[in-house]
Structures are given as C-alpha cells and as structure tokens.
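See structure below.
Not measured: the values here are computed from a predicted model.
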Amino acid sequence: SLLSTVTRQLWVWFILWGLIIPLGIALGGLFPIQTILMQWFTRQRAMALGIVMTAAPLAGFFAQPLLTWLILTTGFWQAGWVFSGEFVIVGLILTLFVVNKPDDLKQHPDGLNPLADETLKDGPGQETKTFHTSRTWTFREVLRTPSFWFITVLGVIHMMPVLMMLAHGVLHFVDVGYSQMEAASVMSTILLGSSIVRFPVGWLADRIEPRLISTIAYAAMMVGYFFIWKAPNLPILMVMSFTFGLTYGTILVMLPTLYGNYFGPDNYPKIMGLVLPLSTVIGAFVPTAAGYLQEKLGSYDVAFLVIIMFLLTGVVSAALARPSPE
C-alpha cells in the first residue's frame, strides 16, 4: 500500500521495494511455508511441496491480466498495489490459523503414529518408497556430509540459467532474429512448463528417489538450454523452452525434498539460512556477467556456454548426492 501512496522519490522506492518487501517475503514467503510442510509431512513430503509450490506461478498467471484490467478500468495505476495489499491482509489473517508442528496439536507427521504404524519405517517391503533419514542430525554433522554440498551445488546452479533468461532472454531472441512477440511467447512457455510440472513431479518424488529425478532434470535442462541458445527455429525453440520450464519446476521441488529427506525437518531452516544467501549472491552476479560479455563480444554465446558447463556440473552433482550413512 505504501508503494501506491507515499512513493514520490527514488530513495523511498529503494527502501520499500528493496528492503521492506524482501524482508516480508523472507519472513512470510515460500521458505517458512516449506519449513512448516517439512514438519507435517514425511512420506508425502514431495507431493505436498509440489502442490504448494504450484500456487505461486498460478497466482502470477492470473494476477497479470487481472491487475492490468483493474488499472485500465479504474484509470488509477495505484489500484494494482492497493488490490495486492488486500491479499496481503488476507494472508496475515490466515497465518493465525497455521500450526507450525504436529506436536503442537499432539499429532504426528502424515497423521500417523510412528509407534503404532510400522509402515513409516524404511526397508524392504515397507510403504515408504524413498529414503528418509531416521537419524537426528546436528547442523555441524550436516555440514560435514558430501551429500549436503552436492545438493547445495544443485541449488546454486539451478538459478543461473533462469536469472539469465529473465534478464537477457528477450534480448537474445531478438538478437538472433525473432520478433519481440515471439520472444515473449517463448518466455511465457518457460513459465507454463515450470508451473504445471510441480505437483506431478512431487507425487513422483515420493515414489522414485529425488536424486534420480534431479539427475534426469539437469540433463534435460542442459539439452533444452543448448537449443534455447541456438534457437534454430520457432517450433523447436518453443518445445525446448517448455522442456526447460519443466526441468526448472522439477528442480524447485526436488531441492527442499532432498534436504528434508536427507537431514530431517528440524535442520531445514538452518540449511536454507545458509544456502539462500549464497545462491542469491552468486545468482545476482550471472545477469551482470552475461550483459558484460554480450557488450564485449557482441553476443551471448560465451555466457550460454559457461552456464551449460555449470549445468553439466549439476548432472554430476545430482548423481553423486547419495544419502550419507545413518
């Protein structure tokens, strides 16, 4: 609401958009929601994450035309901010009904008592189909495991191609001969693929090891990104952009699932408190470096090639991210 009322100077915009809103997102956005899901779900953790993480892109899909219509109808550009602020108020009210842990209601993850239901235990013939740690890890122990660092490498790498596409995708497509409308269509295809895959891949990751799904996803992302770089013709570009979106959405669900399955829900907020700043800083460097290379060399070729090499590292890291011995 302040963005629509008191923003008259650039420094006010920086404070509101650059500090206050990011703080609100960090405290009330996807990270704390994922942390709560980790506590409530074990066997169906990935599916729960997939369902919740589908909400954001779907909301964005509907919000853009809705807010545009609202602004055009009212002739008041601040109407979009005011309308969005009302949804924030609704969100604040809903937080009053959120319970952080099953223990707070004397319940158990998945609604099942582990002492009464032996199917919660991993093992041959048991219902749990993917690895879930039975060990209580300290954060120091987590940091000493190779699997933690392999997964963290995945988390850092998966942001690189996406941030480059957001900053330079349209410019790249226009540079190689596509119209702005065609370039915009390609970008929307990426978002579509990312949004529709999250629930089904979450369901799948409760049945097939997320590490294997991540390995395939990074390999497919690398192939898709290569064709996005070369952009031979519009049909292939659209298919490969959709593929790239599918892989990005897949990895978004796999990363928290891997952390939760390998190290337990209690360590998840500590892990993300370390990993998110690291991936954000490194990720922020990518668009700047890509723009610099384009200005110096006249194309994005080197930037694409470097990111493809990082994606290859992601394939190897995903394959090696096996759970540590219990």
**OP:** Treat each ILVMFWY residue as a node, draw an edge where side-chain heavy atoms are under 4.5 Å apart, and state whether M309 and V153 are in one component.
**Re:** yes
Subject >> Smallest separation among heavy atoms of L255 and G155, with atom names >> reply: CD1-CA, 3.6 Å
Original post:
Do the side chains of V174 and V186 join up, straight or via other hydrophobic residues, at under 4.5 Å, putting them in one cluster?
Top reply: yes
**OP:** Please confirm whether the backbone N or O of S241 pairs with a side-chain atom of T189, one donor and one acceptor, at under 3.5 Å?
**Re:** no
Subject >> Closest approach of L258 to S214 (non-hydrogen atoms, all atoms of both residues) >> reply: CD1-OG, 3.9 Å
Subject >> Side chain proximity check, W149 to R144, heavy atoms < 4.5 angstrom >> reply: no
**OP:** Please check if the side chain of E182 supplies one atom and the backbone of S179 the other of a donor-acceptor pair under 3.5 Å.
**Re:** yes
Original post:
Shortest non-hydrogen contact from P102 to P109?
Top reply: CG-N, 3.9 Å
Original post:
Between atom CG of L143 and atom CD1 of I271, what is the distance when rounded to the nearest 0.5 Å?
Top reply: 8.0 Å
Original post:
Is Y262 reaching over with its side chain to a backbone N or O of A321, donor-acceptor style, under 3.5 angstrom?
Top reply: yes
**OP:** Carefully, step by step, assess N100 and T35 under the rule side-chain contact (heavy atoms from CB on, under 4.5 Å).
**Re:** CA-CA 9 Å; N100 290 326; T35 301; over 6 Å; no
Original post:
Looking at M164 and V286, what are the two nearest heavy atoms and their distance?
Top reply: CB-CG1, 4.1 Å
Original post:
Could you give the distance from CE (M272) to OG1 (T152), rounded to the nearest 0.5 Å?
Top reply: 8.5 Å
Original post:
Within a reach of under 6.0 Å around CD of Q180, are more than 12 heavy atoms found that belong to other residues, nucleotides or ligands?
Top reply: no
Original post:
Taking the six-membered ring for Trp, is the centroid-to-centroid distance between Y268 and F263 below 6.0 Å?
Top reply: no
Subject >> Pairwise side-chain contact, M254 with V201, heavy-atom cut-off 4.5 Å (strictly under) >> reply: yes
**OP:** Answer yes or no: is there a donor N or O on one side and an acceptor on the other, between the side chain of R211 and the main chain of A319, under 3.5 Å?
**Re:** yes
Original post:
If only atom types and distance count, is the side chain of R198 paired as donor or acceptor with the main-chain N or O of G249 below 3.5 Å?
Top reply: no
Original post:
If you draw a 6.0 Å radius around CZ in F285, do more than 12 non-hydrogen atoms from other residues or ligands fall strictly inside?
Top reply: no
Original post:
Once the angle between the rings of Y248 and H158 is folded into 0 to 90°, is it parallel (under 30°), tilted (30 to 60°) or perpendicular (over 60°)?
Top reply: parallel
Original post:
Do M53 and I196 share a hydrophobic cluster, counting only Ile, Leu, Val, Met, Phe, Trp and Tyr and linking them when any side-chain heavy atoms are less than 4.5 Å apart?
Top reply: yes
Original post:
Going through the distances and angles, do L49 and M38 end up as a side-chain contact (heavy atoms from CB on, under 4.5 Å)?
Top reply: CA-CA 9 Å; L49 287 167; M38 293 287 175; 4.1 Å; yes
Original post:
To the nearest 0.5 Å, what is the distance between OG (S317) and CZ (F310)?
Top reply: 11.0 Å
Original post:
For the side chain of S194 and the backbone of I190, is there at least one donor-acceptor N/O pair under 3.5 Å apart?
Top reply: no
Original post:
With no hydrogens and no angle check, do the side chains of D266 and Q39 hold a donor and an acceptor under 3.5 Å apart?
Top reply: yes
Original post:
Are L293 and Y300 side-chain neighbours, meaning at least one heavy-atom pair lies under 4.5 Å?
Top reply: no
**OP:** Would you give the length of the straight line joining atom OH of Y259 to atom OG1 of T257, rounded to the nearest 0.5 angstrom?
**Re:** 12.0 Å
Subject >> Check: W137 main-chain N/O paired with N267 side-chain donor or acceptor under 3.5 Å >> reply: yes
**OP:** Determine, stepwise, if the pair W203 / V253 fulfils side-chain contact (heavy atoms from CB on, under 4.5 Å).
**Re:** CA-CA 10 Å; W203 176 88; V253 178; over 6 Å; no
Subject >> Minimum heavy-atom distance between T130 and A205, given as atom pair plus value >> reply: CG2-O, 3.4 Å
Original post:
Taking a hydrophobic cluster as the set of Ile, Leu, Val, Met, Phe, Trp and Tyr residues connected by side-chain heavy atoms closer than 4.5 Å, whether directly or through intermediates, do L37 and V98 fall within one such cluster?
Top reply: yes
**OP:** Output yes when a side-chain donor or acceptor of D104 lies under 3.5 Å from a complementary backbone atom of V99, and no otherwise.
**Re:** no
Original post:
Side chain of H168, backbone of P287: donor and acceptor closer than 3.5 Å?
Top reply: yes
Original post:
So F244 and V162, side-chain contact (heavy atoms from CB on, under 4.5 Å) or not? Walk me through it.
Top reply: CA-CA 9 Å; F244 176 78; V162 176; 3.9 Å; yes
I'd like a table of donor-acceptor pairs (distance under 3.5 Å, sequence neighbours excluded) in which one partner is a side-chain atom from residues 216-238, with atom names and distances.
from	atom 1	to	atom 2	distance (Å)
Y218	OH	L154	O	2.5
Y225	OH	P161	O	3.3
W229	NE1	D301	OD1	2.8
N233	OD1	I236	N	3.0

**OP:** Look up atom CG in L312 and atom CD1 in I308, then write down how far apart they are to the nearest 0.5 Å.
**Re:** 10.0 Å
Subject >> With W40, the side-chain contact (heavy atoms from CB on, under 4.5 Å) member among H108, R45, Q107 >> reply: Q107
**OP:** Examine F97 and I36 and state if one hydrophobic cluster contains both, with Ile, Leu, Val, Met, Phe, Trp and Tyr joined whenever side-chain heavy atoms are less than 4.5 Å apart.
**Re:** no
Original post:
In terms of heavy-atom contacts, does CZ of R207 have more than 12 from other residues, nucleotides or ligands at under 6.0 Å?
Top reply: yes
Original post:
Do V302 and V306 touch side chain to side chain, with heavy atoms closer than 4.5 Å?
Top reply: yes
Original post:
Does a side-chain heavy-atom distance below 4.5 Å link S147 with R322?
Top reply: no
Subject >> CA sep, side-chain torsions, deciding dist, call: E209, N261, side chain to side chain donor-acceptor pair (under 3.5 Å) >> reply: CA-CA 10 Å; E209 283 296 339; N261 288 359; 5.6 Å; no
Original post:
Could you give the distance from CG (L246) to CE (M240), rounded to the nearest 0.5 Å?
Top reply: 11.5 Å
Original post:
At their closest point, which heavy atom of V156 faces which heavy atom of M160, and how far apart are they?
Top reply: O-CG, 3.9 Å
